[in-house]
Amino acid sequence: MSSYLNELNESQQQAVLQIDGPVMIVAGPGSGKTRVLTYRIANMIEKGIDPFSIMSLTFTNKAAAEMRHRIEKICGNEARNIFMGTFHSVFARLLRIDAPKLGYPSNFTIYDSQDSLSLIKTIVKELQLNDKTYKANQVFSRISNAKNALISPKAYKLDAEIMSEDMQMQKPLMGQLYEIYAKRCFQSGAMDFDDLLYKTYELLVKFPEVLYHYQHRFKYLMIDEFQDTNFAQYSIVKKIADVYQNICAVGDDAQSIYAFRGATIENILNFQKDYPDLRVFKLEQNYRSTKNIVKAANHLIVNNKNQLQKTIWTDNGDGEAIKLLKSSSDNEEAKLTADLIFEYKMRHHLKNNDFAILYRTNAQSRSYEEALRRLNIPYVIYGGMSFYQRKEIKDIIAYLRITVNHNDEEAWRRIINYPVRGIGKTTVERVTVIANERETSIFEVCENIYTTDITGKAAQNLMAFTMMIKSYKTMLDKQNAFELATHIAKSSGILKELYEDKTVEGVVRYENIQELLNGIKEFSEEDTVEEGHEEEFSVDRSLGAYLQNITLLTTQDQKADNNDSVKMMTIHSAKGLEFPAVFIGGLEENLFPSSMALYSREELEEERRLFYVAVTRAMTYLTLSFATSRYKFGNLQYCEPSRFLGEIPKEILAMHGEDKMKKEEAMFDEDFVAPVKRRIVNTGNFSASRPATVDPNFQADDPSKILVGSEVAHQRFGNGKVVAIDGLGVNKMATIFFQGEGQKKLMLKFAKLKVLE
DNA sequence: GTGGGATCGGTTTTT
DNA sequence: CCGATCCCAC
């Protein structure tokens, strides 16, 4: 018996030792799940199971790498042969081998959501449909849902229920759009995120020999975060596990937070039905958090009707009370949070690394950034706009993509006239029409431009572009990806353009491109030799592999910096992580729980699970905060505290900064009265077409003296006095602060302003 | 076809 | 507030 078993409690041990047959491990937050998974695999290998036959699906690629590393320490480098990664990256690897069977090139492009949305917009436009009835986002999510439910375009159009739904929504052509979208992706040699699942399933169904191969190769399957798998994902693993039935699902229904992308708790119920002799292990002891934190979490989650029976408990001490931070605005919230971090660092000897700030929406990071910067506290933001989504990066990537896969339509569109090469909208439209008629890719049409009625300058330019891409391809075969990328950056003129741009943003963009090039270099130079008998999936250092890799990075895979810094991220991104001190911000009704999630009990319960996840990230110190008003889309709005706060028992809550709150009134003014530099001169109805005119030379000593001159404005806003005008500039949107009478202070964005010359 | 200004619209979470 | 898109003058 291996020594590491001593480190485990009884139920953990049982879960580790149960190797064969269907297993479900219900693992509460902080219950040592990763440890169990790691030891379980290590134990399997020690018992003589070939690592080569184990497939382990994790939630992030980083988690996979870490787990592999830990197993390696126990079992040696055999562990390299375990097939590990996220659903998407694992299936992308399978598809790279067998995509040709489905008519895709093996170096298929992976469309990210931006690509998908842009393609949908193009299609809607081509069909001359109203883009308000067929909003790209909605169409996309409808298609995405269909794919996640493994419904083909054909089946979609034949499904009476779906069709009647679409009719009811006044969107009868949804099926058409799905069909065309799928076709266009196919012609482009591209798969979107959902295709990676959908097409894998298709592959296994259509090619029994492929299914047979994987069924016998992967005799052992493990799925982490099972509560967040969707129907397609579950269907695939079920198929692969069908022969040996050695399938182990690990998850926690209380932490299911991805229903919006098709994850369903049904999977857990189905799992029990599909495998009647299932062994279930419950890990209920929490090793992570203080009693108070566990108590708070339990009090929250009991409000959900929809859940499996289990009780999370801990042997840890009570710990401190949970702090409740009330502020008057999001900026103040951030400021108090930063102050508190500073204080904690002093008093409890914590490092920046020990802190996490969690929030519901990415937009909330802004105020925290400012506040932390002011106190010189280093921070890292995970998620949000990622490096690879920046314009300059996407541009270069588009060149690389089209070099690898000429048919990539979205890449083509992106760069066909960037930098400007005299190919305008009309030409693009004409080529697209021809490609659609011929049911082929745009690139192919351009290659044979002489067979079309496009002539003259336009044809020449298209041809030149096509030849250029082809020359890149030849180059790629002779040189490596880094050299090609560098060549592209230079020869396309993008690098030069940015180099000459000496504005701050220009310099940043230039640096970003350098960083991208370095990244490519690193990737292509990593050792390509891997030990073991894994020829089939030998490590691929090609440009195609690189491109697929970067689109499948999860937010947690984001390059970790070695610096000691506070981590900021959405709660979704915080899954699986833990921190000594956690701050959860923006606990306001309509923000958290989100106003978008109040239509059904199910949605509200998912929000509550999200809060549950957030709370259980904390080990020792937990601070919850809300603001009584918040900037939303430029407006300052009054906010009610989140209903979730009321679900936490009062006796473990401590108000923070009582005395500070007494000054709230004063702080509010201080915070919001911006220096008034300009005076509104004209009167009348200020609107976009009739901007208010301001005197640029005006210097006010008493801001409250400035009145809105117009009667219309008075009617609209009451007899309020303007206390501040912020953000003035020629033709710039301005924000005007009113001080109402007997009302809450209110800020309104209301007019354009023009500076008097 | 290009570039800039004006206008509009979207704002949850992610692979 | 920010980005996409529309519209217009060159």
Side-chain angles (χ1 to χ4, degrees), chain A residues 57-61 85-92 110-114 116-118 121 125 131-132 135-138 141 144 147-148 191-197 225 228-230 232-233 256-263 358-364 366 382-386 388-389 391 417-428 457-458 461 548-557 569-575 586 590-598 603 606-607 609-611 613-614 631-636 687-689 691 726-727 730-735 749 752:
Chain A
L57 298 158
T58 54
F59 198 68
T60 68
N61 295 304
T86 63
F87 269 97
H88 286 84
S89 64
V90 160
F91 294 156
I110 298 173
Y111 275 178
D112 64 16
S113 326
Q114 267 184 56
S116 299
L117 287 174
S118 136
K121 278 181 198 157
K125 203 174 276 177
D131 59 3
K132 294 207 173 83
K135 285 186 189 158
N137 273 325
Q138 289 177 8
S141 85
S144 174
K147 282 186 187 163
N148 286 330
M191 297 196 198
D192 65 15
F193 288 130
D194 304 313
D195 280 332
L196 295 177
L197 312 175
E225 306 285 2
D228 286 325
T229 55
N230 61 34
Q233 291 168 325
S256 162
I257 53 176
Y258 280 100
F260 71 91
R261 71 175 196 208
L358 308 180
Y359 35 74
R360 177 70 237 267
T361 67
N362 283 305
Q364 286 166 255
R366 261 185 76 125
Y382 285 86
M385 167 108 106
S386 91
Y388 296 101
Q389 283 165 355
K391 183 192 175 310
N417 204 27
Y418 179 79
V420 176
R421 48 175 70 92
I423 301 169
K425 218 168 58 184
T426 356
T427 314
V428 170
K457 201 98 199 135
N461 291 339
Q548 292 190 355
N549 253 324
I550 58 171
T551 21
L552 295 179
L553 290 178
T554 68
T555 51
Q556 286 186 27
D557 294 332
M569 67 194 87
T570 62
I571 298 162
H572 282 92
S573 307
K575 194 161 103 165
N590 295 326
L591 181 63
F592 193 13
S594 161
S595 57
M596 320 283 286
L598 301 175
E603 283 173 328
E606 172 144 325
E607 293 287 305
R609 288 194 295 268
L610 199 52
F611 191 32
V613 169
Y631 282 100
K632 261 188 162 177
F633 317 128
N635 287 344
L636 191 67
S687 69
S689 53
D726 194 11
V730 185
N731 287 337
K732 280 257 170 71
M733 224 29 132
T735 322
K749 178 172 80 179
K752 286 212 123 176

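Chain letters run A, B, ... following the sequence lines, proteins first and then strands; every chain starts at 1.
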For [X], report the nucleic acid contact type (base, sugar-phosphate, nothing); a contact means any heavy atom under 4.0 Å.
| X | result |
| --- | --- |
| A:K575 | nothing |
| A:T426 | sugar-phosphate |
| A:T427 | sugar-phosphate |
| A:R366 | sugar-phosphate |
| A:S113 | base |
| A:Y258 | sugar-phosphate |
| A:N137 | sugar-phosphate |
| A:K457 | nothing |

Whole-Å distance separating the [atom1] atom of [X] from the [atom2] atom of [N]:
| X | N | atom1 | atom2 | value |
| --- | --- | --- | --- | --- |
| A:L591 | B:dT13 | CG | P | 10 Å |
| A:E603 | B:dT13 | CD | P | 15 Å |
| A:Q114 | B:dT14 | CD | C1' | 14 Å |
| A:K135 | B:dT11 | NZ | C1' | 12 Å |
| A:L117 | B:dG9 | CG | P | 18 Å |
| A:N549 | B:dT15 | CG | C1' | 14 Å |
| A:D195 | B:dT15 | CG | P | 17 Å |
| A:Q389 | C:dA4 | CD | P | 12 Å |

Where does the angle between the aromatic ring planes of A:F87 and A:F91 fall among parallel (under 30°), tilted (30 to 60°) and perpendicular (over 60°)?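 If you compare the ring of A:F87 with that of A:F91, the planes turn out perpendicular.
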Angle between ring planes, A:H572 versus A:F260, binned at 30° and 60°: parallel, tilted or perpendicular?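 Because their plane-to-plane angle is over 60°, the rings of A:H572 and A:F260 count as perpendicular.
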With respect to the side chain of [X], which nucleotide from [options] is positioned closest?
| X | options | result |
| --- | --- | --- |
| A:R360 | B:dT15, B:dG3, B:dT12 | B:dT12 |
| A:K132 | B:dT13, B:dT15, B:dG9 | B:dG9 |
| A:H572 | B:dT15, B:dT12, B:dT13 | B:dT13 |
| A:K121 | C:dT5, B:dT14, B:dT13 | C:dT5 |
| A:T570 | B:dT12, B:dT14, B:dT15 | B:dT14 |
| A:K125 | B:dT15, B:dT13, C:dC6 | C:dC6 |
| A:N417 | B:dT2, B:dT15, B:dT12 | B:dT2 |

Side chains of A:S144 and A:D194: any donor to acceptor distance under 3.5 Å? yes
Mind checking the CG-OH spacing from A:D112 to A:Y388? Nearest 0.5 Å is all I need. 13.0 Å
On DNA chain B, check which nucleotide each of A:R421 and A:E607 is closest to and give me the residue with the more 5' one.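 The residue mapped nearer the 5' terminus is A:R421.
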For A:A458 and A:A597, find the nucleotide of DNA chain B closest to each by heavy atoms; which residue's nucleotide sits nearer the 5' end?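 Result: A:A458.
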Any ion pair linking A:K121 and A:D131 (charged N to carboxylate O, less than 4.0 Å)? no
Could you say whether the aromatic ring of A:F260 and the base of B:dT13 stack, counting only centre distances under 5.5 Å and plane angles under 30°?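 By the stated criterion, A:F260 and B:dT13 stack.
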Looking at A:E607 and A:A597, would you say the former's side chain and the latter's main chain have a donor-acceptor pair under 3.5 Å? no
Partners meeting side chain to side chain donor-acceptor pair (under 3.5 Å) with A:S118 (sequence neighbours left out):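 Only A:E410 meet the side chain to side chain donor-acceptor pair (under 3.5 Å) criterion with A:S118.
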Check this one for me: any side-chain N or O of A:N148 less than 4.0 Å away from OP1 or OP2 of B:dT15?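 Looking at the OP1 and OP2 atoms of B:dT15, neither is under 4.0 Å from any side-chain N or O of A:N148.
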